[in-house]
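Following: one structure in structure tokens, then a few remarks.
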Amino acid sequence: ALILWVNFVSDTFPALALGCEKAEKDVLKKPPTESNGHLFSGLVGFNIIFNGIVQSLLVFSVYFISIYALKVPYDATITMCFVTLAFIELFHQFNMRSEEKSIFQIGVFKNKWVNLSFLLELILTSVIVLVPLGAVHTAFGITSLGLTEWLISLAFAFAIVPIMEITKVFIRMFLKNKKKNKKGSK
């Protein structure tokens with residue numbers, strides 16, 4: 001049930017909201033995609049692999065901290081991992097508004113649909129964890145969390161934002177060098 005929640009709720013609303021994102025102002029200044037290119041060409045393939053690795057490391061970190069450092073019971077550990085993964089998706093939708101531009105360049109709260117998606121998912125995910133409905137907790141295999149567990153899960157989930165902001169700095173440097181090298185070879 002947790003996987004279904006992450007796939008349908010945590011991914012659907014952000015995907016719909018990101019579909020309403022305005023095109024970047026410099027989109028026509030970018031060269032066209034090569035005709036023999038594939039879906040994973042350019043930054044897309046890198047982003048998919050890199051984001052998957054980062055998100056996995058964040059969730060695994062929460063798992064190991066909760067089990068070995070905090071000695072949290074297994075069901076609370078699973079709940080912490082679920083909250084972390086769901087909220088990574090929640091925070092990450094702000095990063096995904098642009099492949100290379102900082103969220104501060106494009107405006108953190110400029111897309112009202114992303115903001116509404118954020119609030120809706122925040123409420124829905126929080127309700128299933130916070131509201132002590134035995135049937136819901138049983139169906140999802142989760143339990144209530146204490147303040148420490150919530151803070152750790154949220155901190156690791158939010159970490160996706162600065163990690164991706166730093167990554168985008170390197171992406172911009174790479175693209176600038178690539179563009180400079182292309183001009184120099186002409």
Side-chain angles (χ1 to χ4, degrees), residues 1-33 39-56 58-59 62 79-131 133 136 140 142 145 147 149-173 175-176:
L2 294 178
I3 296 296
L4 290 174
W5 183 271
V6 170
N7 284 337
F8 289 119
V9 177
S10 296
D11 287 345
T12 301
F13 298 121
L16 291 172
L18 289 169
C20 297
E21 184 71 30
K22 290 181 182 175
E24 294 179 16
K25 292 178 182 176
D26 62 348
V27 71
L28 292 177
K29 293 179 182 176
K30 295 179 183 177
T33 307
L39 178 65
F40 299 109
S41 59
L43 291 175
V44 176
F46 168 79
N47 278 332
I48 290 171
I49 293 168
F50 184 74
N51 287 322
I53 291 169
V54 170
Q55 291 177 25
S56 297
L58 290 169
V59 174
V62 167
T79 305
M80 287 175 70
C81 291
F82 165 67
V83 167
T84 304
L85 183 58
F87 281 37
I88 282 172
E89 297 295 323
L90 183 70
F91 292 121
H92 196 43
Q93 68 182 318
F94 291 102
N95 292 327
M96 295 312 299
R97 292 178 54 215
S98 173
E99 280 187 323
E100 58 192 66
K101 290 184 180 169
S102 166
I103 59 174
F104 302 108
Q105 288 176 304
I106 60 176
V108 179
F109 302 110
K110 291 274 187 187
N111 183 332
K112 71 178 179 181
W113 299 110
V114 168
N115 300 334
L116 288 171
S117 166
F118 180 89
L119 289 174
L120 181 62
E121 186 185 339
L122 176 74
I123 291 166
L124 290 173
T125 303
S126 298
V127 163
I128 69 163
V129 176
L130 290 172
V131 177
L133 296 172
V136 172
F140 283 98
I142 59 174
L145 296 176
L147 181 61
E149 289 88 6
W150 269 103
L151 292 175
I152 289 169
S153 295
L154 291 174
F156 275 85
F158 183 77
I160 195 74
V161 174
I163 290 169
M164 291 313 299
E165 284 298 303
I166 292 166
T167 303
K168 287 180 183 182
V169 169
F170 288 106
I171 287 172
R172 288 191 298 272
M173 288 170 36
L175 292 175
K176 188 176 181 179

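Nearest heavy atoms, K168 versus N95: NZ-O, 2.6 Å. The shortest non-hydrogen separation linking T125 to A86 is CG2-CB, 3.9 Å.
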Test side-chain contact (heavy atoms from CB on, under 4.5 Å) on L145 and V83; report intermediate values, then the result.
CA-CA 10 Å; L145 296 176; V83 167; 4.0 Å; yes
Dump the intermediate steps for side-chain contact (heavy atoms from CB on, under 4.5 Å) on M164 and N51, then the final yes or no.
CA-CA 8 Å; M164 291 313 299; N51 287 322; 3.1 Å; yes
Please walk me through it: do L124 and L120 pass side-chain contact (heavy atoms from CB on, under 4.5 Å)?
CA-CA 6 Å; L124 290 173; L120 181 62; 4.0 Å; yes
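To the nearest 0.5 Å, atom CD1 of residue I128 and atom CZ of residue F82 are 3.5 Å apart. To the nearest 0.5 Å, the span separating CD on Q55 from CG on L85 amounts to 7.0 Å. Atom CD1 of I88 is separated from atom CG of L154 by 11.0 Å, given to the nearest 0.5 angstrom.
For the side-chain contact (heavy atoms from CB on, under 4.5 Å) test with F94, the passing option among N115, N111, I106 is N115; the others fail.
E165 pairs by the side chain to side chain donor-acceptor pair (under 3.5 Å) definition with S102, not counting sequence neighbours. Checked against side chain to side chain contact (heavy atoms under 4.5 Å, CB included), L130 has the following partners two or more places apart in sequence or in another chain: S126, W150. A search for ring pair (Phe, Tyr, Trp, His ring centres under 6.0 Å) contacts involving F91 returns F118, F158, not counting sequence neighbours. Considering only residues two or more places apart in sequence or on other chains, N47 meets the side chain to side chain donor-acceptor pair (under 3.5 Å) condition with none of them. With sequence neighbours excluded, the residues that form a side chain to side chain contact (heavy atoms under 4.5 Å, CB included) with I53 are I49, L57. With sequence neighbours excluded, no residue satisfies side chain to side chain donor-acceptor pair (under 3.5 Å) with T167.
No donor-acceptor pair closer than 3.5 Å links the side chain of T84 to the backbone N or O of V59. Between the side chain of S117 and the backbone N or O of W113, no donor-acceptor pair lies under 3.5 Å.
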